[in-house]
Each structure stands twice: as C-alpha cells, then as structure tokens.
K.L.:
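Before I ask anything, let me first share the structure, which is written out below as structure tokens.
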Amino acid sequence: MMEKILDLITTEVTKAFISAGYEGKYGKATLSNRPDLCEFQCNGAMAAAKAYKKAPFMISDAVSEVLRGHEMFASVESVKPGFLNLKISEQYLADYLNEMQTYEKLGVEEIGQGQAVIVDYGGANVAKPLHVGHLRSAIIGESVKRMGRYMGYHMIGDVHLGDWGLQMGLIIEELRDRKPDLVYFDENYTGEYPAEAPFTIGELEEIYPAASKKSKEDEAFKDRAHDATLKLQNGYAPYRAIWNHIMQVSVTDLKKNYANLDVHFDLWKGESDADPYIPGLIQTLQDQGLAYESQGALVVDIAEETDSKELPPCIIRKSDGAALYATSDLGTIIEREQDFSPVEYIYLADKRQQLHFTQVFRVAKKAGFVKPETRMVHIGFGTMNGKDGKPFKTRDGGVMRLEHLIADINEAVYARIMENRSISEEEAEETAKIVGLAALKYGDLSNQASKDYVFDIDRFISFEGNTGPYILYTIVRMKSILKKYEAAGRSADGRQILPAGSAEEKDLMLELSKWNSVMENAFAETAPHKICAYIYDLANAFNRFYHATKILAEEDETVQAGYIRLLELTKSVLEAGIDVLGFSAPERM
C-alpha cells in the first residue's frame with residue numbers, strides 16, 4: 001500500500017511538533033495556497049498559540065528548527081505570524097514517483113475490497129429512442145461506475161428501464177388498431193405465440209408517439225390503454241407475449257446506442273422486475289405500522305425533526321390501487337438487497353427528482369429494507385442547454401436523438417482532423433469517433449453534475465483549452481515521443497525517474513504525486529469533474545515541461561532515460577484518468 005504524499009508530510013511535521021514540546025494534532029500539512037512561496041504548508045502553530053498562550057511564530061520557529069535538514073524537505077521556513085512553508089526535496093519526490101510506477105493502480109489503494117455498489121443510471125423507456133435527455137445520466141453514471149471499479153469496489157450498473165407503465169398499454173392498443181388480425185387479439189387463440197416481433201424498431205418508435213398523441217385526444221382510447229396496462233401487469237398471456245417482443249426489439253436497439261457512447265450495464269432490469277416484490281413490501285409497511293390511509297391513498301411519513309423544510313409523506317399506493325415510482329423503486333431495493341447486499345446505492349436522475357429519492361431512501365431505512373449504515377446517494381444533475389440557454393433541441397424544436405448528436409460531433413471532429421490532413425480518410429473517420437466521444441463526455445463531465453451547462457460543439461471539439469481533445473492531443477504527443485525514442489534504438493527499461501532539474505519538471509512531478517488522493521476524493525464525493533480538473537492541470541504541467549525541455553535532443557543518456565520514465569508515468573496517469581471518465585486516446589490525431 002502506498003501512502004499519500006500529504007499524509008507522509010503530515011507524519012513528519014507531527015513528529016516535529018511533538019519533538020518541539022507541542023501536541024501532534026497541530027502537525028497537519030496541506031497543499032500550499034501560495035504556490036509562489038512554497039509547495040506545502042502547515043498552519044498548526046496558529047491554533048497551538050491559543051492553547052499554549054505563546055506567539056504563533058515562536059512555535060513555528062521551534063518546529064522548523066526540528067525539521068531543518070530532514071531528507072524529505074528542500075526547505076522549511078517559519079514565516080510570521082506563524083506559518084510553516086515547506087518545499088519537498090527533489091530526491092524524495094523522485095523516489096515517491098519511482099515507487100508509484102511499480103503499482104498497477106499507480107499508488108491508488110483499492111479501499112473497496114470487492115464490496116458491492118449499485119449504480120442506477122440508465123432510466124431509458126423502452127419503445128422510445130434515446131435522446132439528449134438520457135445523455136447526462138449515462139455519461140456521469142458510467143464514470144462513477146468506473147471510478148468505483150478503480151477503487152476496488154464491485155460496481156454493478158443497472159439500466160433500470162421504464163418498461164411497465166402506461167406506455168405499454170398505449171402500444172398494445174395502437175397495435176390492435178393497426179393490425180387487428182394479429183393472434184394476440186384473438187381471444188379464441190390457444191397456440192404458441194410467434195417468435196418474430198410483429199414490428200421493427202423503426203415502426204415501434206413511430207407507434208408510441210402516435211398512440212400517446214391519440215390518448216390525449218381520445219378518452220376511450222386512453223381508457224383502453226389503461227385496461228391493457230392492468231391486464232399486462234396481471235399476467236394476461238397475449239399481452240405478455242407482445243411485451244416480450246417490445247422488450248427484445250427495444251433492448252437490442254438500446255444496447256447498440258449505449259455501446260456507441262461506450263456505456264455498458266451489468267444488469268438490464270426494469271420496473272417490471274420490481275413487481276413481484278410490491279405486495280410483500282406494502283404488507284411489511286402496514287405490519288410495521290409505517291403505512292396508513294390518507295385520502296384513500298396509502299402513505300408513509302418521512303419527515304424528520306432536523307428537516308429545514310416540510311417534506312410530504314411518500315405515497316405507496318394510489319386510491320385506485322395503482323403502485324407508483326416510489327413503490328417500484330422500493331421493490332427494486334428489496335430485490336437488490338437479496339441479490340447483492342450492497343454497501344452503497346448511487347442513483348442518477350435529474351435534480352428535480354430530489355424529493356422522490358429523499359422519500360424512497362427514508363422509507364427504505366425506516367422499514368429496515370436496507371441496513372442503517374448503507375449509503376444512499378442521489379446525484380441530481382442539471383440540464384444540457386443550447387447556446388440560447390434553454391434545454392437543447394433540434395433545429396425544428398424537437399427533442400434531439402442521441403445518435404444524431406453523436407453523428408454531428410463526429411462530423412465536426414472529422415472536418416477538423418482533415419484540415420491538417422496527415423492521415424487517411426479511413427483512419428480520420430475512426431479517430432473522429434474516438435475524439436468525438438472524448439469531446440462529448442469531457443464537455444459534460446468537466447462541469448459539476450448539479451449545474452446546467454451549455455452544449456457548445458465548437459468549444460467542446462477544440463484542441464486547445466479545457467477540452468477532451470486537448471487531453472487526447474497531449475497523450476498522442478507523448479505516444480509520438482516514445483515512438484521516436486524507440487525508433488532511435490533506445491530503451492529506458494530498468495531506469496529511474498531522476499530528481500527534477502528544472503521548475504517545470506518539478507511542477508509536473510508534484511502534480512503526478514497527487515493522483516492517489518485526487519482519485520480517492522473524487523470517488524468519495526462521486527465527483528467526476530474533480531478528475532477532469534486534475535487531468536487538465538496534469539496535461540498543462542506536462543506541456544510546460546515539454547516546451548521547456550529538449551527530451552529527444554538530450555545528450556546525457558541517463559538524464560534522457562529519466563525524462564522518458566517521467567513521461568511514461570504521466571501518460572499512464574492520464575490514460576487511467578480518461579479511462580475512468582469513459583473514453584480513450586487514439587494513436588494519432
């Protein structure tokens with residue numbers, strides 16, 4: 001196990017406080033907030049001054065005396081009124097990075113130890129195409145899942161499809177109107193139902209909106225759809241057969257579309273899977289005295305004394321007997337507890353769903369469906385807006401399909417690559433897909449999830465600035481240097497990263513030393529934007545080092561091999577970073 005560099009520094013400063021006659025608790029080191037003055041700092045003397053009734057600088061002077069000459073530090077300064085300014089020794093930093101290079105996870109501790117974590121991040125409805133509204137859940141969820149895997153957790157991603165609601169009845173009845181002769185609508189039919197679906201994905205995607213429109217204008221049709229939904233949910237065989245066709249055709253298409261985003265689910269469950277658990281969970285809530293009748297509905301109070309605002313009770317069953325989203329989510333939790341017994345649940349959904357998740361989590365805890373210590377997190381995300389600041393739409397004002405958005409980005413990246421045409425059209429097309437995905441995902445993930453952001457294709461695909469393509473361009477630059485180094489017949493195998501010889505080199509090494517703490521912190525806060533911020537800083541630090549250093553023209557072979565080892569470590573960290581964000585780098589750009 002590799003300790004974080006800040007913890008190692010804190011250990012030494014703590015020892016120095018004790019040695020100077022003060023309590024060790026004052027020895028906490030932090031990153032410097034004035035990098036122009038020092039790299040790390042400790043402000044413990046300010047707090048100790050009150051306890052010991054001494055001027056803070058007397059304490060920081062005494063501690064700095066103890067630390068002076070310590071092999072970990074290049075310099076230790078006590079600065080009035082009582083700050084300790086620390087610079088780490090170049091040799092110590094190089095040793096730290098050489099150790100980091102020996103670990104598969106580059107010094108990140110696998111604290112998850114195989115414990116199960118559920119990430120619920122699909123939420124698409126069957127029979128409808130994926131559109132831009134599904135983008136954020138998929139992109140953020142995939143990244144959170146990958147971050148957890150990197151930390152050693154057994155991450156289980158569930159698409160959790162909307163496959164059990166009124167849309168099913170609408171499709172069934174629209175299908176009846178269009179193709180009344182299908183065997184599913186013949187009450188005297190007793191044979192096997194066909195294996196082949198009576199519609200293609202294209203037809204299905206047209207059937208649903210037509211039925212939805214009809215139900216708004218035709219009350220009788222809406223009632224029929226309602227009845228068909230109930231019949232389906234009660235297990236009526238012909239409708240179950242149609243439902244199976246809808247699921248098969250839809251899921252095949254969804255898998256293809258999610259795969260284009262490099263988003264993959266371990267479970268393809270839907271609301272229908274929760275259905276068998278609902279009668280039992282309602283019974284349990286009643287037996288425990290948690291659920292009671294209110295205006296004909298069955299509800300559970302969730303308010304707590306510490307709430308800053310009034311929270312309404314959670315409705316478990318409507319007055320007409322229908323179960324709700326909350327009931328379905330609770331049924332799913334019971335199923336997941338039986339199957340996986342997770343230590344944490346992470347749900348991705350629009351931030352407007354916050355109340356719903358608060359209600360569901362509290363009912364689950366109150367009823368003992370989950371253990372008191374199980375973490376339950378809702379990552380509520382903002383909307384993706386167009387340049388006009390309103391939710392992103394197509395030119396004619398409709399909701400944009402995801403595949404069209406991806407195609408638009410790939411086309412724009414392809415045009416950019418062909419401007420400085422150095423590769424074949426075929427390679428440019430493949431590269432455009434890789435770079436386009438990075439542009440899209442980084443453009444989303446670099447924003448804090450809860451904030452709305454503007455989808456700006458020109459900015460996202462730029463090779464300069466805080467963008468996915470800039471990060472990829474930096475990695476491609478490293479690949480090119482390594483190829484040239486090998487082509488010159490050289491090898492850095494068995495060589496070491498050497499102590500930094502320039503400010504730019506040391507800055508790069510300091511950035512690299514933060515990887516394990518950044519990764520751990522980002523997952524603890526389920527915050528992919530922290531990974532983005534870090535790899536952007538790291539890419540910038542590398543590019544400054546690259547411009548200040550003649551790597552391939554360096555004549556001292558040992559120094560050059562040290563540069564190459566440093567470059568390899570930087571490349572490994574950047575590649576690990578983009579992998580947890582859900583994209584990869586091409587060979588050339």
Side-chain angles (χ1 to χ4, degrees), residues 1-100 103 107-113 151-152 306 372-373 375 499-500 506-507 509-525 527 530 533-534 537:
M1 177 194 135
M2 189 167 183
E3 278 196 72
K4 299 184 202 61
I5 200 146
L6 264 178
D7 294 346
L8 292 165
I9 295 170
T10 292
T11 300
E12 294 311 316
V13 179
T14 298
K15 283 185 199 160
F17 266 89
I18 293 167
S19 167
Y22 302 100
E23 272 191 84
K25 68 178 182 185
Y26 298 111
K28 184 172 169 42
T30 58
L31 286 171
S32 167
N33 56 16
R34 286 287 305 277
D36 51 327
L37 299 178
C38 59
E39 294 153 0
F40 302 92
Q41 66 189 65
C42 170
N43 306 342
M46 311 293 278
K50 288 194 182 90
Y52 291 92
K53 302 190 170 43
K54 273 189 182 177
F57 72 87
M58 292 173 71
I59 299 174
S60 61
D61 281 356
V63 174
S64 72
E65 274 310 308
V66 177
L67 284 173
R68 257 189 211 122
H70 191 294
E71 58 164 21
M72 182 183 265
F73 302 106
S75 71
V76 179
E77 277 187 300
S78 167
V79 180
K80 282 186 173 171
F83 299 119
L84 275 174
N85 286 0
L86 310 166
K87 284 189 179 171
I88 200 159
S89 115
E90 282 76 3
Q91 182 64 56
Y92 187 88
L93 187 56
D95 291 344
Y96 187 82
L97 297 192
N98 281 312
E99 188 191 343
M100 187 174 156
Y103 288 91
V108 173
E109 189 190 346
E110 294 198 353
I111 57 176
Q113 299 177 335
M151 299 299 301
T306 50
E373 67 273 16
R375 281 188 67 195
K506 190 175 189 188
D507 284 346
M509 292 167 84
L510 283 165
E511 276 304 324
L512 285 166
S513 72
K514 297 175 192 169
W515 169 239
N516 48 12
S517 66
V518 166
M519 188 65 218
E520 195 171 303
N521 182 20
F523 182 66
E525 296 180 23
K530 295 200 160 179
Y534 171 74
D537 287 345

K.L.:
Locate the shortest heavy-atom distance separating Ile88 from Glu39; write the atom from each residue and the value.
P.N.:
N-OE1, 2.7 Å

K.L.:
Kindly indicate whether the side chain of Phe57, heavy atoms from C-beta on, has any atom under 4.5 Å from the side chain of Val79.
P.N.:
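No - every pair of side-chain heavy atoms lies 4.5 Å or more apart.
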
K.L.:
May I ask you to decide if Ala62's main-chain N or O and Tyr22's side chain share a donor-acceptor pair within less than 3.5 Å?
P.N.:
no

K.L.:
Between CG of Leu510 and CG of Leu97, what distance do you get to the nearest 0.5 Å?
P.N.:
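The CG atom of Leu97 is 8.5 Å from CG of Leu510, to the nearest 0.5 Å.
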
K.L.:
With a 4.5 Å limit on heavy-atom distance, are the side chains of Ser32 and Phe40 in contact?
P.N.:
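SC-SC contact between Ser32 and Phe40 ruled out.
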
K.L.:
If you count heavy atoms of other groups shown closer than 6.0 angstrom to CD of Glu373, is the number above 12?
P.N.:
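Yes - once you tally the heavy atoms of other residues, nucleotides and ligands closer than 6.0 Å, there are more than 12.
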
K.L.:
Do Glu520 and Val108 touch side chain to side chain, with heavy atoms closer than 4.5 Å?
P.N.:
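Counting from C-beta outward, Glu520 and Val108 never come under 4.5 Å.
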
K.L.:
May I ask you to say whether Glu109 pairs ionically with Lys4, meaning some side-chain N is under 4.0 Å from a carboxylate O?
P.N.:
no

K.L.:
Can you confirm whether Ile5 sits close enough to Asn516 that some side-chain heavy atom of one is under 4.5 Å from a side-chain heavy atom of the other?
P.N.:
no

K.L.:
Ignoring hydrogens, what is the shortest heavy-atom contact between Ser513 and Leu93? Give both atom names and the distance.
P.N.:
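Taking Ser513 first and Leu93 second, the nearest heavy atoms are CB-CD1, 4.1 Å.
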
K.L.:
Any chance you could measure Phe523, atom CZ, to Met151, atom CE, to the nearest 0.5 Å?
P.N.:
7.5 Å

K.L.:
Can you list the steps and then say if Phe73 with Arg68 is a side-chain contact (heavy atoms from CB on, under 4.5 Å)?
P.N.:
CA-CA 8 Å; Phe73 302 106; Arg68 257 189 211 122; over 6 Å; no

K.L.:
Keeping Gln113 on the side-chain end and Gly152 on the backbone end, is there a donor-acceptor pair under 3.5 Å?
P.N.:
no

K.L.:
Just verifying a value: how many Å separate Asn33 CG and Phe83 CZ, rounded to the nearest 0.5 Å?
P.N.:
8.0 Å

K.L.:
Check whether any side-chain heavy atom of Asn521 sits under 4.5 Å from a side-chain heavy atom of Lys530, and report yes or no.
P.N.:
yes

K.L.:
May I ask you to decide whether Lys87 forms a salt bridge with Glu77, counting only side-chain N to carboxylate O separations under 4.0 Å?
P.N.:
no

K.L.:
State, to 0.1 Å, how close Met509 and Ala94 come at their nearest heavy-atom pair, and which atoms those are.
P.N.:
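In this case the closest contact between Met509 and Ala94 is CE-CA, 3.7 Å.
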
K.L.:
Give a yes or no on whether the backbone of Glu3 and the side-chain of Asp7 come within a donor-acceptor separation of less than 3.5 Å.
P.N.:
no

K.L.:
Once you round to the nearest 0.5 Å, how far does CD of Gln41 lie from CG of Leu86?
P.N.:
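Interatomic distance, Gln41 CD to Leu86 CG, rounded to 0.5 Å: 8.5 Å.
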
K.L.:
Is there a donor-acceptor contact under 3.5 Å from the side chain of Ser19 to the main chain of Lys15?
P.N.:
no

K.L.:
Do you know which two heavy atoms are closest between Ala74 and Glu90, and how far apart they sit?
P.N.:
CB-OE1, 4.0 Å

K.L.:
Taking side chain as C-beta onward, heavy atoms only, is Leu31 less than 4.5 Å from Lys514?
P.N.:
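When only atoms from C-beta onward are counted, Lys514 and Leu31 do touch, with a gap below 4.5 Å.
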
K.L.:
What heavy-atom pair brings Leu84 and Val13 nearest, and what distance separates the two atoms?
P.N.:
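Looks like CD1-CG1, 4.3 Å.
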
K.L.:
Which heavy atom in Ala29 sits nearest to a heavy atom in Thr10, and how many Å separate them?
P.N.:
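Scanning both residues, the minimum pair turns out to be N-OG1, 3.0 Å.
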
K.L.:
Kindly indicate whether the side chain of Tyr534, heavy atoms from C-beta on, has any atom under 4.5 Å from the side chain of Trp515.
P.N.:
yes

K.L.:
Which is it for Tyr52 and Glu23 under the side-chain contact (heavy atoms from CB on, under 4.5 Å) test, yes or no, and what are the steps along the way?
P.N.:
CA-CA 10 Å; Tyr52 291 92; Glu23 272 191 84; 3.6 Å; yes

K.L.:
Show the numbers, then the answer: is there a side-chain hydrogen bond (donor to acceptor under 3.5 Å, both in side chains) between Ser78 and Ser60?
P.N.:
CA-CA 6 Å; Ser78 167; Ser60 61; 2.7 Å; yes

K.L.:
Do Ser64 and Val76 have side chains that approach each other closer than 4.5 Å (heavy atoms only, starting at C-beta)?
P.N.:
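Of all side-chain heavy-atom pairs linking Val76 with Ser64, at least one is under 4.5 Å.
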
K.L.:
Which distance, rounded to the nearest 0.5 Å, do you find between the NZ of Lys28 and the SG of Cys42?
P.N.:
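One gets 9.5 Å once the value is rounded to the nearest 0.5 Å.
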
K.L.:
Look at the aromatic rings of Phe17 and Tyr26 and report parallel, tilted or perpendicular, splitting at 30° and 60°.
P.N.:
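Geometry flag for Tyr26 against Phe17: tilted rings.
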
